[in-house]
*Asks:* 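Before I ask anything, let me first share the structure, which is written out below as structure tokens.
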Amino acid sequence: MSEPLLRPAHREGTRVLDAEMIRRALVRIAHEILERNKDSQKLALVGIHSRGYFLAQRLAREIEGIEKHPVLVGALDITLYRDDLSMIAPHPIVRSTDIAFDLTHVDVILIDDVLFTGRTIRAALNAINDLGRPKTIQLAVLIDRGHRELPIRADYVGKNLPTRLSERVEVYLNERDGKEEVAIEPQVTATDVPL
Amino acid sequence: MSPMTTMPPMAKTAQWMKKDLLGLRELSAEEIGLILETAQSFKEVSLRPIKKVPALRGKTVVNLFFEPSTRTRTSFELAAKRLSADIVNISPQGSSLAKGETVLDTVKNLEALKVDIFVIRHAAAGVPHRVAQRTSACVINAGDGAHEHPTQALLDLFTIHEKKGRIEGLNVSIIGDISHSRVARSNIWGLTKLGAKVTVCGPPPLIPTQIESLGVSVTYRIEEAIKDADVLMLLRIQHERQEAKLVPSLREYRLRYGIDQGRLSFAKPGILIMHPGPVNRGVEIDSAVADGPYSVILDQVTNGLAVRMAVLYLVSGATRMDLTEGPAP
């Protein structure tokens, strides 16, 4: 069934997930990852800076709790692979890619907070390609808000969230934002370059 | 790979808005911090199996070196290549400069070929500044006369921060020919802006009068310079200085100011020995020290690449400022 044509506009900062819902979504995703990947020793969780990396660390803790062995976790910065780099000024701050293990032959779970246009994931796939040749790359996101501009889909989704293009989805995580929620905000500001 | 070592949060609010990097004198501490923090991220690229990122794909860099250079030129060349930029090397020998073309005409001609970034070294102070005013391309100063050599100072700052975890409050002694050294000048600007305490030391004819006005202390005694130093920054003594009678002989210089293991016995434990290269072994530094445990000379070279990648990345982002509004519909 298609989305109703007239959906009530989200008010300023409508909360769509609270801390407990985020936690449960991650627990479910951890189980889904293990269901799909029989050999959990070969898993590597790669989070996209910044919130994807925090989610990767949390998923790793969940998986370690279930499987009783450590899971590889890395951080990926995709800035240098953005397709709009020559169009944005000043250039965005580059953060460190920190993947201290070989990606070849492992099952990489790429993790981001929000899946939107798919351009970040395209950049991440190219970045991973320069770091090694994983056996598989799968995508886990906390929120899928639609509006894809590239043929990309997620393998694991915390919550599908139909949005308008003009709306903004904000993920707040304790590690960085001092609070824990996902909210929809009505306006896209000039500084909010979707990628 | 080190686990997420990060620079201090000094760059949190900084944004790079300059199309040129001409010297450290005109940079704020935040801007210097932003370059160092960006370089931290770029260092990892050179440790990858595929040492290349597509960030500057389609950009053209010209290395315009009017003075001989191997280290700096190669470092810029590799930095550009690892960012996927195209780079052309031009030296005065065998170019139209040898036929009497002026620097500005050379630049204008290259600009007509749609060059994005000029990396310029020249024996005369101020040439990169003059070029920067006349071109819409980015200009990076790779050394102008005895004036500034910003990327060298930035890589020195990066190396100090990497090894010591901080710059503020450190005692840094710069030893050698301060008068003719653009490395010393850029480092004095950078170090003092970041809160280090700088002492310069060398033979009196090679120490400029009123150098204290830059916020540094002066000593002519090497023991004084070593005693409290966390970092010793040695400069190359050029053979021309001997000919100009500014030092009696290289042997005399070595006896008075050369760093050997005996002199290091006065030093604090964990002192860093730095040198911008090329090293005159047996003059300003003994081989045992240059190759010894305190020497970070080769780390400086490695870090220079990351710093130059960061600088190329940042300046090239500032060029299209006029286009940020987007094309008219």
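As a basis for the values below, the full set of heavy atoms in this structure was taken, side chains included, without hydrogen atoms, waters or symmetry mates.
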*Asks:* Above 12 or not: heavy atoms from other molecules or residues under 6.0 Å from NE2 of His105(A)?
*Replies:* no
*Asks:* Looking at every non-hydrogen atom in both residues, tell me the closest pair between Ser96(A) and Gln40(B) and how far apart they are.
*Replies:* OG-O, 4.0 Å
*Asks:* Tell me the closest heavy-atom pair linking Pro54(B) and Tyr81(A), and the distance in Å.
*Replies:* CD-CE2, 3.2 Å
*Asks:* For a 4.5 angstrom cut-off between non-hydrogen side-chain atoms, does Glu44(B) reach Val94(A)?
*Replies:* no
*Asks:* Report which part of Lys52(B) has an atom under 4.5 Å of a heavy atom belonging to chain A: side chain, backbone, both, or neither.
*Replies:* backbone
*Asks:* Around atom NZ of Lys159(A), are there more than 12 heavy atoms from other residues, nucleotides or ligands closer than 6.0 Å?
*Replies:* no
*Asks:* Looking only at heavy atoms, which of residues 128-138 of chain A get nearer than 4.5 Å to chain B?
*Replies:*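 Answer by number: Asn129(A), Asp130(A), Leu131(A).
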*Asks:* Answer yes or no: are there more than 12 heavy-atom neighbours, outside Arg57(B) itself, under 6.0 Å from its atom CZ?
*Replies:* no
*Asks:* Any chance CD of Glu168(B) has more than 12 other-residue heavy atoms, nucleotides or ligands included, within less than 6.0 Å?
*Replies:*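 No, the 6.0 Å shell around CD holds no more than 12 heavy atoms from other groups.
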*Asks:* Would one find more than 12 heavy atoms of other residues, nucleotides or ligands at under 6.0 Å from atom CZ of Arg148(A)?
*Replies:*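 Atom CZ in Arg148(A) is packed in, count exceeds 12.
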*Asks:* Who are the ring pair (Phe, Tyr, Trp, His ring centres under 6.0 Å) partners of His149(B), not counting sequence neighbours?
*Replies:*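 His149(B) satisfies ring pair (Phe, Tyr, Trp, His ring centres under 6.0 Å) with no residue once adjacent residues are dropped.
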*Asks:* Select one option (side chain, backbone, both, neither) describing which atoms of Leu83(B) are under 4.5 Å from chain A's heavy atoms.
*Replies:* neither
*Asks:* For residues Arg95(A) and Ser41(B), report the shortest heavy-atom separation together with the two atoms involved.
*Replies:* C-OG, 3.1 Å
*Asks:* OG/Ser84(B) to CG/Leu80(A) distance, rounded to the nearest 0.5 angstrom?
*Replies:*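 One gets 9.5 Å once the value is rounded to the nearest 0.5 Å.
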*Asks:* Evaluate side chain to side chain contact (heavy atoms under 4.5 Å, CB included) for Thr97(A) paired with Arg48(B), printing each intermediate quantity in order.
*Replies:* CA-CA 10 Å; Thr97(A) 289; Arg48(B) 297 180 185 180; 3.7 Å; yes
